[in-house]
Each structure stands twice: as C-alpha cells, then as structure tokens.
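Reviewing the structure listed below.
Positions are given from 1 along the sequence. These numbers come from the heavy atoms of this one structure, side chains and all, not from hydrogens, waters or symmetry mates. From a predicted model like this one, the values you see are computed outputs, not experimental measurements.
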Amino acid sequence: CDWSSDVCSSDLRELGSRPERAAVIVQLKRALKGLAFCRGGVYGLRAAELLDEPRHRAIQEELRKILEHLHDLLTQAWGE
C-alpha cells in the first residue's frame with residue numbers, strides 16, 4: 001500500500017483506549033473527505049479533457065480501492 005503510510009500502517013487491533021480510537025476515527029474521516037475532493041478533481045480533469053478515458057478509469061479504480069480500505073479501517077476502529 002503506497003498511498004498513505006500513516007493509514008496503511010495503522011494496526012487498529014492494538015488500539016485499546018477510546019481516546020486512541022477516537023483519534024484514529026477523526027483521521028480516517030479526514031482521509032475520506034480528502035478522497036472525496038480528489039475524486040471531484042479527477043472528474044474535473046476529465047471534463048477539461050486533461051485526462052483520457054482509460055487513465056480516468058484507472059485513477060477512479062485506484063481511488064475506489066482506497067475508499068474500500070478506509071471503510072474497512074473505520075469498521076475496525078468503531079469495533080470494541
């Protein structure tokens with residue numbers, strides 16, 4: 001995983017306290033917000049014809065994988 005070493009290196013199973021979990025959840029929610037801005041920017045680049053369709057699809061697929069990973073991490077962080 002190379003898109004965010006902080007998120008990818010998180011071992012949520014070792015988080016014991018609620019404050020630790022809360023801090024991770026806040027960071028993951030920030031990552032989701034950043035991802036949404038990124039996705040919007042990619043659509044803007046495609047609309048401006050700065051990305052061709054195959055490249056646009058490839059980037060969107062990578063962003064989808066990141067989104068799934070963030071959702072998995074959030075699910076783990078919320079679990080106690």
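Applying the ring pair (Phe, Tyr, Trp, His ring centres under 6.0 Å) test to His56 and every residue at least two apart in sequence or in another chain returns Tyr43. Scored by the side-chain hydrogen bond (donor to acceptor under 3.5 Å, both in side chains) test, Arg64 finds Glu61, Glu68 as partners (sequence neighbours excluded).
Note that the NE2 atom of His69 and the CG atom of Leu74 stand 10.5 Å from one another [nearest 0.5 Å]. We find the CG-CG distance between Leu28 and Asp72 to be 11.0 Å, quoted to the nearest 0.5 Å.
Hydrophobic clustering, with ILVMFWY side chains joined whenever heavy atoms are under 4.5 angstrom apart, groups Leu50 together with Leu63. Placement of Ile59 and Leu45 within a single hydrophobic cluster is found when ILVMFWY residues are connected by side-chain heavy-atom separations under 4.5 Å, directly or transitively. Connection of Leu32 to Trp78 is established within a shared hydrophobic cluster, with ILVMFWY side chains joined at heavy-atom distances below 4.5 Å, either directly or through further cluster members.
Between the side chain of Arg57 and the backbone N or O of Asp52, no donor-acceptor pair lies under 3.5 Å.
Sorted by first then second residue, the salt bridge (charged side-chain N to carboxylate O under 4.0 Å, His left out) pairs that include residues 26-51, not counting sequence neighbours, are Arg46-Glu53.
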